[in-house]
Structure formats: C-alpha cells, structure tokens
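In what follows, a structure is listed as structure tokens, so that the remarks can point back to it.
Chain letters run A, B, ... following the sequence lines, proteins first and then strands; every chain starts at 1. For the numbers below, each heavy atom of this structure counts, side chains included, while hydrogens, waters and symmetry mates do not.
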Protein chains: 2
Amino acid sequence: MLKEREREKTEKYYSILNGAGAVFARFGFHKSTISQIAAEAGVADGTIYLYFKNKDDILYQFLNFKSTHFFQKMRDAVNGAENAELKLRNLIECHLREFQNDINMAVIFQSEVRYRRGIESHLKDVSKVYLEFLSEIIEQGQMEGRMRQDLFVGLVKRFILGAVEGVINTWVAADGKYDLVSMADPLVDLYMNGIQNNAA
Amino acid sequence: MLKEREREKTEKYYSILNGAGAVFARFGFHKSTISQIAAEAGVADGTIYLYFKNKDDILYQFLNFKSTHFFQKMRDAVNGAENAELKLRNLIECHLREFQNDINMAVIFQSEVRYRRGIESHLKDVSKVYLEFLSEIIEQGQMEGRMRQDLFVGLVKRFILGAVEGVINTWVAADGKYDLVSMADPLVDLYMNGIQNNAA
DNA sequence: ACCTCAAATGAATTTATATTCATACACTAT
DNA sequence: ATAGTGTATGAATATAAATTCATTTGAGGT
C-alpha cells in the first residue's frame, strides 16, 4: 500500500478513477469487474489495490471527488445571483451543465447513488446538501415576496429536485444526444408559473 | 420444474414472491441471497428453482406482477374523472396510495427499476407507460383550455413524474413514517400554480 | 398396506470475481 | 555497476453465493 499522503495525488490514481467512471457508467457498479476497470485504466488488477481499499472504495472515492467539485460549482453559481429566482435559475443551469459535461458522472449519480446503504452514510449525502441549497433559496424568495408564503418548503424542495432529476434521467436514457442545459429555462418557468392556463 | 400452467398459481409461488419483496426491499436486490428469500418464504432454497428460472427472474416477475396491478388501478383512477386537472389529481393520488399501501414495492420500484439494463427491456417499461398517461392528460388539458398552450409536453411530463418520485423517495427514506397520500393535493397545486407569488 | 409420482429438500457443486502475494521492475544514491 | 527501496504485475487463492440433483416426503389411488 502506498503512503496515504501521496496515494491520492498520482496520475495513476486518477487514471483508475476515470477508468472506473467509464466502466461503472457502462455496466453499472455491480456488473463491473476489477479487471475491466484495470484494463480501462491501463494498469494491472493488483495495482488498483495500491490505491483503493476495495471495489466499494473506488465508487466511494469517485462520488466523493465528483460531488466536491460539483458543489463548489454550485456554490459559485448561486452566489453570483441577486434574487431568489435568479439563484434558482443558476442552480438548475449549473446542475444541468455539470451533468452534461460529465455523462459518466451523470449516469452513476442517477443510477447508483439512490439507495446505496452504507455509502450515503459515509458520503456527505449528496441530495441532502442539494436540498439545503434549495431551502435557503426558497426561504429567501419568500422573504423577498417573490415566492408564495403558503408553500410547504419541505415539499417544494423535493418537488424541484425530483423534477430536475427526472429531466436528467430522460437525457441519460437518450445517451445524452440532445442539449440538456437548454432545459433549464423552461424548467424554471414551470417551477415558477406551473402548468395552469391563467390567461383563460 | 413444474408445469408452466400451474406454476404461477400456487400459494407457494406467491409466498416466494412476497418473501422476495420483503428481502429485496430490506437489503436491495444484489445483497439479497436466495437463502434469505427461501427462509423468508418458508421454503427450501431448491424449491425456488421450481418456480423461478433464476434470481433475476424473481425480480422480473415481482415487478411484472406489481406493475400490472398498479397500472390497472391507475387506469381506473383516471377514467373516473371528467376534466384534465381532476385526472391529474386522481393519478397522483392513486400513485401515492398504491405505494403507501405496499412499501416493499415502493422501495423496490424506486431503487431497482432505474437503470436495470435487460430488465426494463423485457418489462413493459414502467415509466414509459406512466409518461403516456401524463401526455394524454396534458394534451387533454390543453384542449380544454385548462392548461397553458405553450407547454413543452415532453418536458412537463418528466417534470411531473420526477416530482412525485422525489416525494416518494423522501417518504421511503423516512421508512414510510408519515402519510404520503396527503401530499397529493399540495403537489398538484404546485404543478398547476407554481411557486411564484402572483398576488404581490 | 403398498405403490406411484409430483413436489420439496438441502448438501454438494459450480462459477465468478474480489483480493492477495511472491516475483519482477525501475529508479536513485553510493 | 550495484544495492536498496518503492511500485507494479498478474497468476494463484479465497470466498461467497447461485444453481443443481440425488434423495426424501407425502398425497392419492389400488
């Protein structure tokens, strides 16, 4: 086993992480084998165990690495906006852009993160952090008078997250063929105005 | 192997299906073993292979059985409503009620159905059928002038399904502790009116 | 009571793959 | 050049669990 300090910095560490990302995305975590990952990363099977504790650890580190980056982008996007509606728009746009730019990550997040008992417990629960972002935005929106006062925030935030994920799932199922980011505006429009025809 | 005809009717067949439902829900498909399922169903390991081709087949038949029932309920719920908004409300309420009444099914649908390559291909894709229900309702709503004309139906239906699933996931994560069906009205209200404060 | 055969059993077998480890390699310092 | 140290290899091993099958059980039927 390599020294803890250096282990995570080497080029090889990232080759394996990326290889694993590609393999997990293609076959799913359970059907992926260490040999496949090793081949994809261009290393021997045994080498993987110099950098990772075991197969689970690969997934764990992958999610950890990606989500750290993801939430940093998220924070930047939200902070750069003034009012709640713009924050929401930026958040959604950022989410879609990051997933579009890294389809392996997108596939893995959408398919493996849900109900992985024992992983989400270690991992700073991805959707939890996300939902906190949303709570803040909604509450700010209510203070600004921009969003309804009678909203049940606990529900609204799942509602928002669920809908983005639904849109991403569809995009993933279509192998990322179309532009995902352009869904941001119509999506936010739905959040804000709903589907009812108020004109009539 | 039992005769095809009789195999699926026996009491034992359903014991195994239910046992599997409980075990899959508790441990997830991959971590569930045949022995656990057999124990839960009160039969010997080998007996399972008299009724099912293999472990995958158990999940497949479980999903098939449950989704057939589910969609029947769904159809009844939708047909019993006059206008599109009521149909939507009934659909969501039915969805939530059925999941609430069968938490094993709920857990399995939410966690195993997504990205199970080779299963959704056999199984009449659950979300596909669901999305067709939604398309019809939305289009009807537009004809009735009850829903906006400028909606991108392809987006709206994922939006709706995604949001219900988000709400169900939260409920499942809380071990079904609170009443799920009561989320139907506020949820539909959000679909229809959005979160924006129009009064101000 | 005995026979027959479908149904059930669970220990033995097979299979698949995660993980280990003895060996080989490559770089640096002396 | 050679020794020494950290790194990489991949064949061999360990393990776990799915699946099989020789054997047993039990419910009619004679």
Can you check the [X] [atom1] to [N] [atom2] distance for me, whole Å?
X	N	atom1	atom2	result
A:I48	D:dG10	CD1	P	12 Å
B:F52	D:dA18	CZ	C1'	16 Å
B:K53	D:dA18	NZ	P	15 Å
A:I34	D:dA11	CD1	C1'	16 Å
B:L59	D:dA18	CG	P	13 Å
B:H30	C:dT17	NE2	P	13 Å
A:N54	D:dA14	CG	C1'	15 Å
A:D56	C:dT17	CG	P	16 Å

Quiz item: Between A:T33 and B:V43, who's closer to the 5' end of DNA chain C by nearest nucleotide?
Solution: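 In this pair, the answer is B:V43.
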Exercise. Kindly indicate, with the supporting measurements, whether the criterion ring-ring contact (aromatic ring centres under 6.0 Å, His included) is fulfilled by B:Y60 and B:F52.
Key: CA-CA 10 Å; B:Y60 171 73; B:F52 299 89; over 10 Å; no
Practice problem: Given side-chain contact (heavy atoms from CB on, under 4.5 Å), test B:L50 with B:K12 step by step and report yes or no. | Solution: CA-CA 10 Å; B:L50 297 174; B:K12 214 149 260 189; over 6 Å; no
Given [options], identify the nucleotide with an atom nearest to the side chain of [X].
X	options	answer
B:Y49	C:dA18, D:dT20, C:dT9	D:dT20
B:T47	D:dT19, C:dT9, D:dA8	C:dT9
B:K55	D:dG10, C:dA7, D:dT19	D:dT19
A:L50	C:dA18, C:dA7, D:dT7	D:dT7
B:Y51	D:dA8, C:dA7, D:dA18	C:dA7

Quiz item: Does a side-chain N or O from B:K12 land closer than 4.0 Å to OP1 or OP2 of C:dA8, or not?
Solution: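 Yes, B:K12 has a side-chain N/O under 4.0 Å of OP1/OP2 on C:dA8.
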Quiz item: Angle class for the B:F71/B:F133 ring planes (parallel below 30°, perpendicular above 60°, tilted otherwise)?
Solution: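 Plane angle under 30°, so parallel.
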Quiz item: Which of parallel (below 30°), tilted (30 to 60°) and perpendicular (above 60°) describes B:F70 and B:Y130?
Solution: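 Plane angle under 30°, so parallel.
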Quiz item: Just wondering, are more than 12 heavy atoms of other shown residues or ligands nearer than 6.0 Å to CD in B:Q72?
Solution: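 Result for CD/B:Q72: enclosed.
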